[in-house]
Each structure stands twice: as structure tokens, then as C-alpha cells.
Q: 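Sending over a structure as C-alpha cells; questions will come in a sec.
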Amino acid sequence: MRPKREKEAIPVVELDSDDDNGAGVGAPNQNNNASSTGAPPQATSQPQQQPLAPNCQTLDSRSFWKAGDYAVGPTARPYIAQGQLEHARVHPKFLHSNATSHKWAFGAIAELLDNAVDEVQNGATFVRVDKIDVVKDNSPALLFQDDGGGMDPEGMRKCMSLGYSTKKANTTIGQYGNGFKTSTMRLGADVIVFSRAIRSGKATQSVGLLSYTFLRRTGQDDVIVPMIDFDISGNWVEPITYGSQDDWTSNLKTILEWSPFASKEDLMLQFEEIGAHGTRIVIYNLWLNDEGIYELSFDDDDEDIRLRDEAAGGKSTKIQQKIQSHISYRMRYSLRAYASILYLRTFTNFKIVLRGKPIQQYHIKDDLKYLEVKTYRPQITTLNEVIVETTIGFIKEAPDLGVTGFNLYHKNRLIRPFWKVTADGSSKGNGVVGILEANFIEPAHDKQDFERSSLFFRLETRLKQMVNEYWKTNCHFVGYQPIGARNLQKDQTFKPSVGVTPKDMHLDQTMAGLSANVLQNDSRTKSSEVVMSADNREPMSVDEICEENIQLFMRCEAQVQKETELRQTIENLEKELEMAKRKSAQLASYLETKRKQKIMKQPTETV
């Protein structure tokens, strides 16, 4: 797209953007009187505030979990014109409390990646995640940029609204219309959005500012989002005004005073970074941890973004180093590792570029051995039967690493990674990892877990059963003793201990059992502990009790399903019986009518 020139005939108020008299991000001049009325602030000759140093706090607390701890004073009742209805208002404090649904910062980043991935259907080929420096106060900011279809002025307003979503297709990840607000406010106090779009032949560009700092510092009791729009269909960049020119100018002034960009020219440069269409999101005033340093670390790795509080520090043993090198551990603190397993299927014409380097997608099943594919048919009331395939196997490091659990995806997006369904303290299931896409259950709002429904609990039970079945037939491949082998050998002199020798073993004791007993440590042999039955007839291991419980539960579920089916059959038979009675009554009435007609005809024939 050729560069646009601003139309000089449009009256625009010139704003002073000198660095010497401009305050830092979130700390504008004290004479700012911007409000929801759209009236421009009054000029004043008072001296302006000096720029804040990078470590100065713009809020009472720059720690996310403390930023909402402030008292809300009484609010004035807004004036309502005659004939208008009073609308529900959203207090700025809700922006923070709403964002607390994201306990994990990477979960918030994943929401923004989802938005870019959903734009693949509109032609997006990349999403760029990077760190940029804010010139105003030399602080870091988080950048997200894609080349999707972008948002027109209406789309920008829907994006900034709470609970509005147009994503209802089976191919899109977002659905609640809340992800953008919760994710951006979880990562930083403020966000500014730039978007270019072409709709029905009309090209537009829009800017929107969602600033918790602005709302707090100006004492707002309603969420106000300054936005400005431009028509770029012709050779000129023309402002789109919905009220008066003063309203548009007031919004522009508010954006410049509370955003990282000091002049309108700086704003226009952001659109040149986008190109013909796409969206550019800048999150600034990033949150700090309890120690007063940024929660996100950009310095540990130039090609990664890390969570400072999650990364392991200090010396570690060789075993710990192996654990920390596994993807199940690295994803806790490395965005590159987490994003590599975030989507189940490989992108064909789309890439996630993190700090200048594309992320290589990682498929967990490629590193599993002794693979099996098991099927599950959830009992849901749909016309089409749902069949879920689960890939299950041992990690390649088994039995040295105790990594275990199922990776549950929903619509191609990882929701729950390495979910451990086996009992704690049991060796059963160590090293067993599974992958499945569970589109039949709904994720929670933060997309880091699933809603606790009956379908979810049935799935959990089935996954436990899968682990039991897989463990029975495959655990000896990695040196574990099969379940039940201890009872078969209870009369033998063999005792599980590290110092066991071949001559202590019975002849039919396999070498797999030997290696299992040599390799298993105290934690791995906890599952061999036995529980005596009430009548002391035969001891049972904890694993056997768990397995028996699962079998009983599955039998109970089967009986419940049969009972449901029988009730449905009874209802159908009752309906059929009712229809048969109606038909019988109709036939009886018809025969009675025919009989009467025949009787009436007989005297006539006799005469």
C-alpha cells in the first residue's frame, strides 16, 4: 500500500510532543482533564510535571496481585437525558479483577496467540511476539503483531467491549469475547491497539487505548476507552468523526498523553509497520513481581521470553538437570517451549515468530516409545457418535524420568498439559504420557483447564483405565514389575531390594523383574505396599485396590447407561402403546360406524 498523506484541510489541534515537557508513560501533565464527555482539556500556564524515572510507579502498586487493592469511593450518579434508559456501568476495578482469571502469565499470552491463529482464516501468515522499548521512560513493552484481516472501527469497538464475541465456528479457538481484555490486563496495566482493515472496499485504520493507569489516575468510575479512526480509502488520511471534531481531538489528546507515543506522527508510523492489513498490540507498564522487578524476563535469552519466578536457579543434580531439560518442565518458564506444544497440528502457512526467530512446533508423540492408540466414545447426546483417539506411550527417558500425564487439547489448542491421573506415591504410570483432543468438553474461561462436568469426570475415569491397561502390557519393557507379579511370587524367597542377586531368585523370575527391582528406588516401590483384607484371607496392593475401584466405577457407569437406555426404551414403548391404543380406538369407532350403517341399510332392502 502506498503511503498516505494527511489532508491539510482537516483541522487538527497541534500537540506539543517535546521530550523535555512530556511526562512518562502513565504520568501525563497534571492539568489533564480528559473525561467521557469528550471536552478538550483547558489550557493552563502551570508548570508541567517532570518526566518520571523508569522505576517510578504510576499506580499505587505495580505488582499485578496488589494493583486491585484500593478502596472505591462513592460515585456520582450520571446525568440521564429525558427518554433515555440508564445503562449498567463497569468500574475500572473490574478490569483488574477480571484479569485475575489468569493465574499464569503465559496463559494470558496464549490468549493473544489464539486471536492471531484465528485470523488464519482471514489470510494471516504470522504472528510476531517481541519486546520493544518505550522511548518516553525507557521501559520494556510487549508487542503482538499479525497480518490478518484486521479490525474496522466497528470491530475495534467490539474488541474493547466486554463479553462480545463473533467467534462461534468450529475452527476458531476464542468464544467468550473476554480473552483480549483479561490477557492484556494480566500482562500490563495498559494496552494500545492499532489495526488496519478493508471492508466492502473501504480501507480504515483505528487506534484504541485501554489504560488501567489512565482510569485510576483520573479517578474514573466507568471504563472509558479513547478511540480514533481514519479513512484511508483515498489518497488522504481523513479522520472519521462520529460527533464533533472536538470529541475526536479530545480522544487523540488522551491517547497521546497516556500511551507510549508522544505525537500523532508516532502513531501513524505504527500503521506503516502493519502494512495493508493486520493488527499491532503494544502492552506497556508491564507488571512487576513481589521483588519489584519485571515478571517477564527478556534478558536471560535473546530469543525467548521467560517467567522470572518459574525458572530454576542454583546448582542441581544430574537427575534434576534431566527433569529440567524436559519439555514438561521448560514450558513452565520458557515461552518458546510452551508455544512449541501449544497447538496440536502443524501449521501449513502460518508461523509464530518469537523475538525474531520462528518457533519450531514440537509434537509430544514423536518422543514416545511403545506407542498405542486407544479409542474412547463419550456418552453425549448428539446425533453423530463421537470417537476420541488417544495416543499413549512411554517417554524416551523412561524409567529414569518420572514425567507422566495426558496432554488434553481442545480445538487444536493445548488446555491441560501433562495431567497426572494416577495416584500420588504409586509407581504405576511413571513415564506414561498421552495426547488427545477433547472437543466434547468445554474449557474454562482462562483455557488452562476444563469445566468440571459429568463428561469431564467420565473422561478422567477412562484415562485412568487406559493407564492401567497400558501399564499391564507394557511396563516390563522399561524395567517395571507387572501388576500382580508379586502375588504370583509370594511363596518364593525373592525379596525386592537393591542388593538382589540372580542366585536369590527363583528360576522362572524374569530378567525384566530383576532390572525392575534394581532400578526402582524407594519411591517407586511404594505401590508394592499391601493392604490386608478384613478377613485376612489375601493381601492386596494399593495399585490393585485402585484398579478394582476403577473397574467397579466403570461397571457402575455401564449399569447407569443401561438403566438410561432401558428407561428410554420404556418411554418409546409407552409412546408406541399409546399410538396403538389410539389406532385401535379409531378402528373400533370406524367399525362401529360401519356396523350402524349396515343395520340401517337392512330395513330399506327388506322393504
Side-chain angles (χ1 to χ4, degrees), residues 102-117 126-131 140 142-144 173 183 186-187 286 289 294-314 316 318-347 350-368 391 393-398 400-410 412-420 431 433-437 446-449:
H102 285 292
K103 308 301 180 186
W104 191 40
F106 280 177
I109 293 178
E111 286 271 13
L112 298 173
L113 293 178
D114 291 342
N115 289 341
V117 172
F126 74 88
V127 57
R128 175 188 168 200
V129 184
D130 210 338
K131 170 223 174 188
L142 194 57
L143 169 70
F144 293 83
I173 302 169
S183 57
R186 173 62 184 87
L187 298 170
L286 301 178
N289 61 13
Y294 288 106
E295 184 179 21
L296 298 177
S297 173
F298 303 98
D299 301 327
D300 294 336
D301 190 336
D302 292 338
E303 296 179 346
D304 200 1
I305 297 175
R306 297 191 173 184
L307 283 179
R308 200 181 302 274
D309 296 336
E310 296 288 342
S316 56
K318 290 184 178 180
I319 297 294
Q320 291 174 333
Q321 291 175 358
K322 287 184 178 180
I323 295 174
Q324 293 169 7
S325 65
H326 194 266
I327 188 71
S328 62
Y329 185 88
R330 288 189 293 112
M331 58 160 285
R332 301 178 187 177
Y333 66 88
S334 168
L335 180 59
R336 183 169 293 275
Y338 175 56
S340 69
I341 62 172
L342 189 58
Y343 301 102
L344 179 61
R345 289 177 285 278
T346 303
F347 296 122
F350 183 83
K351 58 185 177 181
I352 302 174
V353 182
L354 177 58
R355 304 197 72 179
K357 181 179 179 181
I359 290 177
Q360 186 69 33
Q361 286 186 268
Y362 176 81
H363 299 286
I364 299 172
K365 70 177 183 179
D366 292 342
D367 279 344
L368 300 183
T391 302
F394 279 106
I395 60 172
K396 62 182 181 181
E397 298 88 352
D400 296 333
L401 293 184
V403 175
T404 183
F406 287 87
N407 295 272
L408 270 62
Y409 289 79
H410 181 269
N412 194 42
R413 157 77 137 81
L414 179 63
I415 302 297
R416 191 159 187 177
F418 297 96
W419 176 30
K420 189 175 185 294
V433 170
I435 306 100
L436 70 152
E437 187 174 20
D446 64 349
K447 297 188 181 71
Q448 296 300 310
D449 204 346

Q: Treating R186 as the side-chain partner and H102 as the backbone partner, does any N or O pair qualify as donor plus acceptor under 3.5 Å?
A: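 Checking the backbone N and O of H102 against the side chain of R186, a donor-acceptor pair under 3.5 Å is found.
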Q: Would you say the side chain of H326 lies within less than 4.5 Å of the side chain of E397, judging by non-hydrogen atoms?
A: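 Yes. Closest side-chain heavy atoms under 4.5 Å.
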Q: Is any side-chain heavy atom of V117 closer than 4.5 Å to one of V127?
A: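 No; the side chains remain at least 4.5 Å from each other.
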Q: Closest heavy-atom contact between A110 and L342?
A: CB-CD2, 4.0 Å
Q: List the atom of F298, the atom of L142, and the distance in Å for their closest heavy-atom pair.
A: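 That closest heavy-atom pairing would be CE2-CD1, 4.0 Å.
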Q: Side chains of W104 and D446, heavy atoms from C-beta outward: is any pair under 4.5 Å?
A: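 No, every pair of side-chain atoms sits at 4.5 Å or beyond.
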Q: F418 and N407: which non-hydrogen atoms are nearest, and at how many Å?
A: N-OD1, 3.1 Å
Q: Under the criterion side chain to side chain contact (heavy atoms under 4.5 Å, CB included), which of D301, L335, I305, D304 is the partner of R355?
A: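 The passing option is I305.
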Q: Within the 4.5 Å heavy-atom criterion, are S328 and I395 side-chain neighbours or not?
A: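 Counting from C-beta outward, S328 and I395 never come under 4.5 Å.
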Q: If you compare all heavy atoms of L296 against all heavy atoms of L307, which two are closest, and at what distance to 0.1 Å?
A: CD2-CD2, 3.7 Å
Q: Work out which heavy atom in I415 is nearest to a heavy atom in H410; give both atom names and the distance.
A: CG1-CB, 3.6 Å
Q: Evaluate the side-chain proximity of L112 to L187: yes if any heavy-atom separation is below 4.5 Å, no if none is.
A: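 Of all side-chain heavy-atom pairs linking L112 with L187, at least one is under 4.5 Å.
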Q: Do the side chains of V129 and L113 get nearer than 4.5 Å, heavy atoms only?
A: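 L113 reaches V129 side chain to side chain.
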Q: Is it the case that atom NZ in K396 sees more than 12 heavy atoms from other parts of the structure closer than 6.0 Å?
A: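 Check fails, neighbour count at 12 or below.
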Q: Do Y343 and I352 have side chains that approach each other closer than 4.5 Å (heavy atoms only, starting at C-beta)?
A: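 Yes, side chains in contact.
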Q: Working to the nearest 0.5 angstrom, can you tell me the gap between Y333 OH and Y338 OH?
A: 16.0 Å
Q: Going through the checks in order, is the side chain to side chain contact (heavy atoms under 4.5 Å, CB included) test met by K447 and R413?
A: CA-CA 9 Å; K447 297 188 181 71; R413 157 77 137 81; 3.7 Å; yes
Q: Can you name the nearest heavy-atom pair linking E437 to R345, along with the distance?
A: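 So the two residues come closest at OE1-NH1, 2.9 Å.
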